2 protein chains.
Amino acid sequence: MTCGDHFETGLAVKDLDVVLASAISRLQRRLRSEKAVDQIGETQRLVLARLVREGPHTLGELSDRERVKPPSMNQTINSLVELGYVERQDDPTDGRKVILVATSTGRLLIEESRRRFYEWLQAALSTLNEDERVLLGDAAILIGRIADS
Amino acid sequence: MTCGDHFETGLAVKDLDVVLASAISRLQRRLRSEKAVDQIGETQRLVLARLVREGPHTLGELSDRERVKPPSMNQTINSLVELGYVERQDDPTDGRKVILVATSTGRLLIEESRRRFYEWLQAALSTLNEDERVLLGDAAILIGRIADS
DNA sequence: TGAGAGTACTTAGGTAACCTAATTAGGTAA
DNA sequence: TTACCTAATTAGGTTACCTAAGTACTCTCA
């Protein structure tokens, strides 16, 4: 395969809407079934991972980032707080705000959960070559941009 | 940008698990909110679209294709039947099977729904160039392959 | 030919993750 | 200090999945 080629010339772009939506739905379902080993769901894992990776956020910031309404995020946060993975802290400068921080337990869970997820993903990716992995990384960025557009 | 380059060298592949999962979740949510104009949900639309595109299927075939358990697919089909978009027919050769066929109303809905979806997607894709669209098409195929692996 | 095993669909009941509408509490500015 | 704005939360509902169990049909083979 040389520069400019792609895997299924023409076809790939023609049915982009259906092919992309279908592929994404299927991967989402697969991810959901794979994570079942964990104590937390996919949504909770993504939020907790963000708190660990990027540090404390307010509820509003989190719901914006994840493209979810505040009440939905609040529910996710409630379960993470109940499980002891996240802590609510008062914002010293604005009493309306609540600062959400991952606890050390939460940090630990994400490290382990992420390692396990990587195992599955690496197995799945083992059928792909390096070029394809790079392509997928680029595509993830594009998909994120579309989602947020 | 020349052959071999990609948009965020190194970074793209390094955090592939989180970046990909997050991007997919966000696009899924966006799709869900965009389709809200339709009478049917994203899941139903995907199934009905498949019936229109690929012709009649049994329930088992559909649930396999969509990576869902048979009872879940049955529920989706029930709602499509109630709305008059899909018809159940007996399999003449195997009394256990049920053949699912899109009605003409269903076919019509998909055509309209798809045109509308394309409008949104084209708008979203207008921020991308042709190379990026091709990349996204290729990635969709890879994602589908991973989901089904 | 008629049990026993297997397959395909369906029903029942439950859960996770979203939503909108309304409420509470804290901030801001005329 | 009243009136409005913003942030988080509560209440209640929907959708789309799941597992377990049941029904109806087909196939196999003694």
Side-chain angles (χ1 to χ4, degrees), chain A residues 21 24-48 56-83 86-100 147, chain B residues 21-22 24-48 56-83 86 88-100 147:
Chain A
I24 281 178
S25 284
R26 270 146 52 216
L27 183 54
Q28 189 92 322
R29 287 177 194 129
R30 181 61 180 267
L31 288 179
R32 192 164 28 213
S33 68
E34 287 299 326
K35 67 75 209 179
V37 197
D38 272 336
Q39 298 116 312
I40 60 172
E42 166 74 359
T43 304
Q44 297 166 329
R45 201 187 66 84
L46 283 172
V47 171
L48 183 53
H57 286 68
T58 65
L59 189 87
E61 284 166 356
L62 275 183
S63 61
D64 279 355
R65 297 290 210 109
E66 295 291 336
R67 292 201 64 80
V68 164
K69 300 297 176 190
S72 306
M73 184 53 69
N74 195 46
Q75 202 173 356
T76 302
I77 291 299
N78 277 342
S79 64
L80 287 171
V81 169
E82 265 175 36
L83 291 165
V86 167
E87 239 183 31
R88 282 193 168 89
Q89 290 176 7
D90 293 338
D91 186 318
T93 71
D94 187 339
R96 296 167 303 176
K97 293 185 179 177
V98 172
I99 301 187
L100 302 163
Chain B
S22 172
I24 282 177
S25 286
R26 270 148 50 219
L27 182 54
Q28 188 91 322
R29 286 176 195 130
R30 182 60 183 269
L31 288 179
R32 195 165 24 213
S33 67
E34 287 299 326
K35 66 76 207 181
V37 197
D38 273 334
Q39 296 116 314
I40 61 173
E42 166 72 0
T43 303
Q44 298 167 327
R45 200 186 68 83
L46 283 173
V47 171
L48 184 53
H57 285 68
T58 66
L59 188 89
E61 284 166 355
L62 276 183
S63 63
D64 280 354
R65 298 288 210 110
E66 294 292 336
R67 291 201 65 81
V68 164
K69 300 297 176 189
S72 306
M73 184 52 70
N74 195 44
Q75 203 172 357
T76 302
I77 291 298
N78 277 342
S79 64
L80 287 172
V81 169
E82 265 175 38
L83 291 166
V86 168
R88 282 194 169 90
Q89 292 176 6
D90 293 339
D91 186 318
T93 70
D94 186 339
R96 295 166 304 177
K97 293 186 180 176
V98 172
I99 301 187
L100 303 164

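Since the model is a prediction, treat every value here as computed from it, not as a measurement. Reminder, nothing fancy here: chain letters follow the sequence lines and each chain counts from 1. Side chains are part of it too, since the values below use all heavy atoms of this structure and drop only hydrogens, waters and symmetry mates.
dT11(C) atom C1' lies 13 Å from atom CG of Leu59(B), rounded to whole Å. Atom pair Asp90(B):CG and dA8(C):C1' shows a separation of 13 Å (rounding to whole Å applied). If you measure from atom NZ of Lys97(B) to atom C1' of dT7(C), you get 9 Å, rounded to the nearest angstrom. What separates CZ of Arg30(A) from P of dC17(D) is a distance of 16 Å, to the nearest Å. Rounding to whole angstrom units, CD of residue Glu82(B) and P of dT11(C) are separated by 11 Å. Look at CD on Gln28(B): it is 11 Å from C1' on dA16(D), rounded to the nearest Å. With rounding to whole Å, Asn74(B) atom CG is found 9 Å from dT11(C) atom C1'. Atom CZ of Arg32(A) and atom C1' of dC18(D) are 9 Å apart (whole Å).
Considering only side-chain atoms of Pro71(B), the nucleotide from dA17(C), dA8(D), dA12(C) that sits closest is dA12(C).
Atom CG of Asp94(A) and atom CD1 of Ile99(A) lie 9.5 Å apart (nearest 0.5 Å). Separating the CG atom in Asp64(B) from the OG1 atom in Thr58(B) is a distance of 8.0 Å, to the nearest 0.5 Å. Between the CD1 atom of Ile77(B) and the CG atom of Leu48(B) there is a distance of 8.5 Å, given to the nearest 0.5 Å. Taken from CG in Asn78(B) to CD in Gln44(B), the straight-line distance is 10.5 Å, to the nearest 0.5 Å.
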Check: Would Leu100(B) and Arg88(B) satisfy side chain to side chain contact (heavy atoms under 4.5 Å, CB included), going step by step from the backbone distance to the final call?
Finding: CA-CA 5 Å; Leu100(B) 303 164; Arg88(B) 282 194 169 90; 3.7 Å; yes
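Less than 4.0 Å separates DNA chain C from at least one heavy atom of each of the following residues of residues 61-69 of chain A: Val68(A), Lys69(A).
With a cut-off of 3.5 Å on both Watson-Crick or G-U wobble distances, the partner of dA30(C) is given as dT1(D).
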Check nucleotides 23-27 of chain D for protein N or O atoms closer than 3.5 Å to its own N or O atoms and list the pairs.
| unit_1 | atom_1 | unit_2 | atom_2 | d |
| --- | --- | --- | --- | --- |
| dC25(D) | O3' | Gly95(B) | N | 3.4 |
| dT26(D) | OP1 | Gly95(B) | N | 2.9 |

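At the phosphate of dC17(D), OP1 or OP2 sits under 4.0 Å from a side-chain N or O atom of Thr43(B).
Within the nucleic acid shown, Ser72(B) comes within 4.0 Å of at least one base atom, counting heavy atoms only. At a threshold of 4.0 angstrom between heavy atoms, the contacts of Ser79(A) with the nucleic acid are absent.
Residue Ser63(A) comes nearest to Met73(A) through the heavy atom pair CB-CB, 3.8 Å, listed as atom of the first residue, atom of the second, then distance. Nearest heavy-atom pair, Leu59(B) versus Pro70(B), reported as atom, atom and distance to 0.1 Å: CD2-O, 3.8 Å.
The residue among Arg88(A) and Gln75(A) whose nearest nucleotide of DNA chain D is located toward the 5' end is Arg88(A).
No more than 12 heavy atoms of other residues, nucleotides or ligands sit less than 6.0 Å from atom CG of Asp90(A).
Inspection of the Arg29(A) and Ser25(A) side chains reveals no N or O donor paired with an N or O acceptor under 3.5 Å.
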